[in-house]
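So the structure is just underneath, and the comments pick up after that.
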Amino acid sequence: MHQDFKTIGVYDDDIDLFESQYIVPEGISYNSYLVIDEKIALIDTVDQRRAEEWRKNLKEALPSGKAPDYLIVQHLEPDHASQTAWVMQQYPECRMVCTAAARKMLPLVAGPIDFDNRIIEVGDGDTLSLGRHDLFFLTAPMVHWPEVMMVYDAYAATLFSADGFGRFGNPDPSLPWACEARRYYFNIVGKYGKPVQTVLKKLAGKEIKTIAPLHGPVLEGDLTEYLTLYSTWAAYEVETPGVLVAYASIHGMTKEAAMKFADILREKGAPKVSVTDLSRDDMAEAVEDAFRMSHLAVLSPTYDADIFPPMHDFIHHLALKGFCNRRVAIVENGLWAPAAGKKMHRMFEQMKDITIVDPVVTLRGRLTPEKTDELRTLAADLMAE
């Protein structure tokens, strides 16, 4: 990063679930930055879990005898804004800079506030001069909350990107970025592809040498990979041609069919085939893979005259995140009254630009040679475009 910038965030390496739902075996970072110029700007705070460590970092990073002149709030989610009130109380001359939407939401997140007269509202294209650094504000509503903004510094060619370009895991920039960034994007931001596209258009033409997100590593050097992947993800385009075979199985019979179907797809030349057990594998990773691949196959037993819950949960997650522009094949299983297929079909029908490959293949318990032939036909139809 530019010599005038200091990273003062913290790495939470013992959290088990981010947002109480996403498995983060390598933890997650809460990033926060100082811009030290004639005026000093503090960009965002951190989660309450690491408040004391962050306060220590802030005090040690401030020049002797200096205090922040501005607290810039890009995003009010508690993992970034838990220390907002503390900063304003600790530094009475500090002024808060945020969007109008953030100002309205502030009491709901930070509690009753008594510093409203110290808030500077900014909108798209407004600037704040610190001296050498002029901070340029870009509103980014619904990436992924309505009050979000990003900050661009032309002097240092740096984009402070809020939750954009964030990643689960260790913030070490030498570690691979795409896998955990993809899982983060589709599960946290994924529903809001159009707002992300809008922000990317606002950034077009700006020189960017550094991207400083609120989670994960600071990105420097050749940024082509990150920007290209974000454009692909935001447009719901295919990143990896191939098929995700997602199954849930009660006693192993549907699993047998899923594994056979995956083998058939490979035999037919599918460029990539991934298989996920929705009862055991990480749901967030299954969602990520569904968005990544060009085709999806779902196989579920009937349970209480409905979809087996792990599969229902998966399809519901896809709907929540805006799954679209994909081809889907459906296989149901049911010994005496198969019903999962019709209900899965109905769920996918509600999604945008989903092509369902009919007919649904219905299994009656164990896979038979006859039903294996039906799976071969289904695989050929799924891959035919």
Side-chain angles (χ1 to χ4, degrees), residues 9 12 15 17-24 28-32 43-47 72-82 84 98-106 108-110 122-124 137-152 159-169 177-178 180-203 211-217 219 226-227 229-237 239 283-285 287-288 290-292 316-324 351-352:
D12 190 349
I15 186 173
L17 294 175
F18 180 67
E19 291 190 352
S20 296
Q21 59 178 317
Y22 301 114
I23 298 169
V24 281
I28 193 163
S29 63
Y30 313 115
N31 298 341
S32 175
I43 301 180
D44 293 293
T45 70
V46 300
D47 192 276
I72 296 174
V73 176
Q74 295 186 107
H75 185 20
L76 273 178
E77 203 164 3
D79 55 326
H80 307 300
S82 78
T84 298
C98 64
T99 63
R103 186 173 193 166
K104 290 178 182 178
M105 292 173 61
L106 186 61
L108 305 177
V109 177
V122 292
D124 210 30
F137 301 105
L138 302 93
T139 57
M142 300 319 302
V143 185
H144 59 120
W145 277 24
E147 88 301 354
V148 173
M149 69 177 180
M150 298 182 182
V151 181
Y152 174 70
L159 174 69
F160 296 94
S161 59
D163 268 350
F165 299 93
R167 190 192 75 186
F168 292 131
W177 181 82
E180 284 293 72
R182 184 188 302 106
R183 188 167 72 100
Y184 178 91
Y185 175 86
F186 283 115
N187 286 280
I188 305 293
V189 186
K191 181 178 181 179
Y192 305 107
K194 287 187 177 180
V196 173
Q197 292 178 58
T198 298
V199 171
L200 291 174
K201 289 177 182 177
K202 292 180 182 180
L203 294 171
I211 299 176
L214 289 180
H215 294 296
L219 307 175
Y226 317 120
L227 294 169
L229 283 175
Y230 245 69
S231 295
T232 298
W233 299 342
Y236 303 99
E237 294 175 349
E239 181 186 345
M283 180 62 69
E285 187 167 348
V287 169
E288 167 204 343
F291 277 92
R292 178 180 184 175
H316 179 61
H317 272 78
L318 294 181
L320 283 176
K321 301 304 177 183
F323 190 64
C324 62
M351 302 181 202
K352 184 179 178 181

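Reckoned from all heavy atoms, side chains included, excluding hydrogens, waters and symmetry mates.
Separating the CG atom in D44 from the CD atom in Q74 is a distance of 4.5 Å, to the nearest 0.5 Å. Taken to the nearest 0.5 Å, the OG1 atom of T45 stands 13.0 Å off from the CD1 atom of I72. Taking CG from D12 and CG from D79, the interatomic distance works out to 10.0 Å, rounded to the nearest 0.5 Å. If you take OG on S231 and CD on E237, they are separated by 8.0 Å, rounding to the nearest 0.5 Å. Interatomic distance, K104 NZ to L106 CG, rounded to the nearest 0.5 Å: 13.5 Å. Taken from CD1 in I211 to CE in M150, the straight-line distance is 9.0 Å, to the nearest 0.5 Å.
In this structure, Y22 contributes its side chain and N187 its backbone to a donor-acceptor pair below 3.5 Å. E239 places no side-chain N or O within donor-acceptor distance of the main-chain N or O of R292, the cut-off being under 3.5 Å. Using a distance-only test at 3.5 Å, with no hydrogens or angles considered, no donor-acceptor pair links the side chain of H215 to the main chain of Y30. In this structure, Y230 contributes its side chain and F165 its backbone to a donor-acceptor pair below 3.5 Å. Remark: the backbone N or O of M105 is not paired with any side-chain donor or acceptor of E147 at under 3.5 angstrom. Of the possible donor and acceptor atoms, one in the side chain of K202 sits under 3.5 Å from a partner among the backbone N and O of T139.
Between A101 and P146, the shortest heavy-atom contact is CB-O, 4.0 Å. The two residues P213 and S161 make their nearest non-hydrogen contact at CA-OG, 3.3 Å. Considering every non-hydrogen atom in both P195 and P141, the closest pair reads CB-O, 3.4 Å. The two residues I23 and R183 have their closest heavy-atom pair at O-NH2, 2.7 Å. Residues G193 and Y236 come closest through the heavy atom pair N-OH, 3.0 Å. In terms of heavy-atom proximity, N31 sits nearest to S29 at OD1-OG, 3.1 Å.
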Please step through side-chain contact (heavy atoms from CB on, under 4.5 Å) for the pair L138 and V199, ending with a clear verdict. CA-CA 8 Å; L138 302 93; V199 171; 5.5 Å; no

Determine whether F186 and F291 satisfy the following criterion, ring pair (Phe, Tyr, Trp, His ring centres under 6.0 Å), listing intermediate values before the conclusion. CA-CA 7 Å; F186 283 115; F291 277 92; 4.6 Å; yes

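The side-chain heavy atoms of V24 and I15, taken from C-beta on, include a pair separated by under 4.5 Å. Between V196 and W233 there is no side-chain heavy-atom pair separated by less than 4.5 Å. Within the 4.5 Å cutoff, the side chain of V148 has no heavy atoms near those of the D163 side chain.
Using cut-offs of 30° and 60° on the angle between ring planes, the pair Y184 and F18 is tilted.
Under the salt bridge (charged side-chain N to carboxylate O under 4.0 Å, His left out) criterion, E288 pairs with R182, not counting sequence neighbours. Here H144 pairs with H75 under the ring-ring contact (aromatic ring centres under 6.0 Å, His included) rule; sequence neighbours left out.
Listed by first then second residue, pairs satisfying salt bridge (charged side-chain N to carboxylate O under 4.0 Å, His left out) with a partner in residues 189-201 number zero, not counting sequence neighbours.
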